[in-house]
Amino acid sequence: MKKAFITGITGQDGSYLAELLLSKGYEVHGLIHNPSETKNVDSIKDKLTLHPGDITDGELLSKIIIEGQFDEVYNLAGMTNVPDSFADPILATKMTALPPLFILDAIVKGSKHTKLFQASSSEMFGNGTESPQRETSGFHPTNPYGIAKLFAHHICEVYRGKSVFAASGILYNHESPRRGEKFVTTKIVRTLAEIKMGKAEVLELGDIDAMRDWGFAGDYVLAMWEMLQVEKAESYIIASGATHSARDFVDASAKSLGIELTWSGKGVDQRGVDQNGVVRVKVNPEFFRPSELHIRQGDITKITNELGWKSKVLFEELVKMMTDAEMCKLQG
């Protein structure tokens, strides 16, 4: 029986990955920061071995990895909300840049057979000029989170050159009903569901013209696993390969709720009006991100050709899945 260790196991990605590994017969361990926040893994909690601790505690990580002698380690923990990294850049760096180095050092010192998956991010590309981005595209991060992720990505490449199996998946926006409350996609589906139920009046967003490459988290964790089942560690783009605007996300969610939106205006004056003539969506400049990137799209040629992976859940399916989940919550 294979053994795996997941940092961030109670998060969106970690919970889907834990379910996948259990279905494949793994013994699954995970690092858990807050024992009271386990809702994403409550249904499988009795099948997991959870280790309480902080992702920034290098000694603890080293001890767990060396004693555990895991076949696979998946580093998914870290600060995941970009605006938070501006609010506390030091913590963002501690949580995002250093843990993979702790893990790599532990592998070298006492668990050389262990394979590492590092969750890299499309935020590393920042405002680069090439689109779609591929594994060889230049990195130009524009926020502390992206810079910390880039350090982690590069340190994996350095250790890969030292014969450590360290694979990096450059993850693009991936969503699910388990997405955290701070993310704009959750805000969209939740507020529109509340509008449908008469519990909210209007949805306020930032740059609704920004284009993103959105996929389903459940698909992406399969790519993570497949990257560790080959003989040679590589870096791969993990994305859907398609782009949609934030307004497209709003439209798809509204449509699934039976809300017909008509758009008017330009820039910050854009408005989405429902079939009854009521303004339901408007742009609020306060929600624009610092150093906002207008478009980001991943080129999945490498991972498709070499591993045979591609995203299965289509954009409209993903949005409906998330919207339906919010309606279920509101209806009790």
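Everything quoted here is computed from the prediction, not taken from an experiment.
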With a 4.5 Å limit on heavy-atom distance, are the side chains of [X] and [Y] in contact?
X	Y	answer
Ile208	Val250	no
Ser235	Glu157	yes
Leu257	Ile195	no
Tyr74	Leu21	yes
Ser168	Arg160	yes
Lys255	Glu316	no
His140	Asn127	no

Using the salt bridge (charged side-chain N to carboxylate O under 4.0 Å, His left out) rule, collect all pairs that involve residues 69-97, keeping only residues at least two apart or in two chains. Lys2-Glu72, Asp84-Lys182

So which pairs with a foot in residues 37-53 pass salt bridge (charged side-chain N to carboxylate O under 4.0 Å, His left out), sequence neighbours left out? none

Got a sec: does the CD of Glu59 have more than 12 other heavy atoms crowding it under 6.0 Å? no

Kindly check if the number of other-residue, nucleotide or ligand heavy atoms within 6.0 Å of NZ (Lys3) is above 12? yes

Quick one: closest heavy-atom pair of [X] and [Y], and the distance?
X	Y	value
Ile303	Ile237	CG2-O, 3.5 Å
Ala217	Asp13	CB-OD1, 3.8 Å
Ser311	Ala239	CB-O, 4.2 Å
Met227	Phe165	O-CZ, 3.6 Å
Ser85	Ala92	CB-CB, 3.7 Å
Gly146	Met124	O-CG, 3.9 Å

Once rounded to the nearest 0.5 Å, what's the spacing between atom [atom1] of [X] and atom [atom2] of [Y]?
X	Y	atom1	atom2	value
His244	Arg212	NE2	CZ	14.0 Å
Leu228	Lys115	CG	NZ	6.5 Å
Leu203	Glu194	CG	CD	10.0 Å
Arg179	His174	CZ	NE2	5.5 Å
Cys156	Ile103	SG	CD1	8.5 Å
Asp248	Thr243	CG	OG1	8.5 Å

What do the steps show when you test Leu50 against Ile9 for side-chain contact (heavy atoms from CB on, under 4.5 Å), and what is the final call? CA-CA 9 Å; Leu50 299 177; Ile9 194 170; 3.9 Å; yes

Spell out, as yes or no, whether a donor-acceptor pair under 3.5 Å connects the side chain of [X] to the backbone of [Y].
X	Y	answer
Asp299	Thr301	yes
Glu123	Leu150	no
Asn75	Leu116	no
Thr7	Leu76	yes
Asp213	Arg296	no
Lys149	Ser121	no
Gln118	Gly169	no
Ser253	Phe249	no
Thr191	Lys187	yes

With a 6.0 Å cut-off on the ring centroids, do Tyr26 and Phe70 count as close? no

Hits for side chain to side chain donor-acceptor pair (under 3.5 Å) against Thr136, two or more places apart or cross-chain, chain-then-number order -> none

Partners meeting side chain to side chain donor-acceptor pair (under 3.5 Å) with Asp57 (sequence neighbours left out): none

With a 3.5 Å cut-off and no angle check, do the side chains of Ser176 and Gln12 form a donor-acceptor pair? yes

So which of Trp309, Phe117, Trp225, Tyr236 actually passes ring pair (Phe, Tyr, Trp, His ring centres under 6.0 Å) with Tyr220? Trp309

Treating Ile, Leu, Val, Met, Phe, Trp and Tyr as nodes and any side-chain heavy-atom pair under 4.5 angstrom as an edge, say whether [X] and [Y] lie in one connected cluster.
X	Y	answer
Leu104	Phe151	yes
Ile188	Val273	no
Met224	Leu48	yes
Tyr159	Ile66	no
Leu61	Val108	yes

Review item, side-chain donor-acceptor pairs of residues 279-288, under 3.5 Å, at least two apart:
| from | atom 1 | to | atom 2 | distance (Å) |
| --- | --- | --- | --- | --- |
| Arg280 | NE | Asp274 | OD2 | 3.0 |
| Arg280 | NH1 | Glu201 | O | 2.9 |
| Asn284 | OD1 | Glu286 | N | 2.9 |
| Asn284 | ND2 | Glu204 | OE1 | 2.9 |

Is [X] salt-bridged to [Y], going by a charged N under 4.0 Å from an acidic O?
X	Y	value
Lys302	Glu234	yes
Arg178	Glu19	yes
Glu326	Lys329	yes

Trace of the side-chain contact (heavy atoms from CB on, under 4.5 Å) decision for Arg247 with Asp209: CA-CA 6 Å; Arg247 181 169 49 233; Asp209 295 315; 3.0 Å; yes

After noting the C-alpha distance and the side-chain angles of Ile170 and His153, does the key distance pass the side-chain contact (heavy atoms from CB on, under 4.5 Å) rule? CA-CA 9 Å; Ile170 304 174; His153 183 76; 4.0 Å; yes

side-chain contact (heavy atoms from CB on, under 4.5 Å) with Leu222: which of Ile238, Leu20, Leu17? Leu20

Under 3.5 Å, which donor-acceptor pairs link side chains of residues 258-269 to any protein atom two or more places apart or in another chain?
| from | atom 1 | to | atom 2 | distance (Å) |
| --- | --- | --- | --- | --- |
| Trp263 | NE1 | Asp251 | OD1 | 2.9 |

Determine the interplanar angle of the Phe5 and His51 rings, folded into 0 to 90°, and report it as parallel if under 30°, tilted if 30 to 60°, perpendicular if over 60°. perpendicular

Going by the angle between their ring planes, with limits at 30° and 60°, are Tyr172 and Phe125 parallel, tilted or perpendicular? tilted

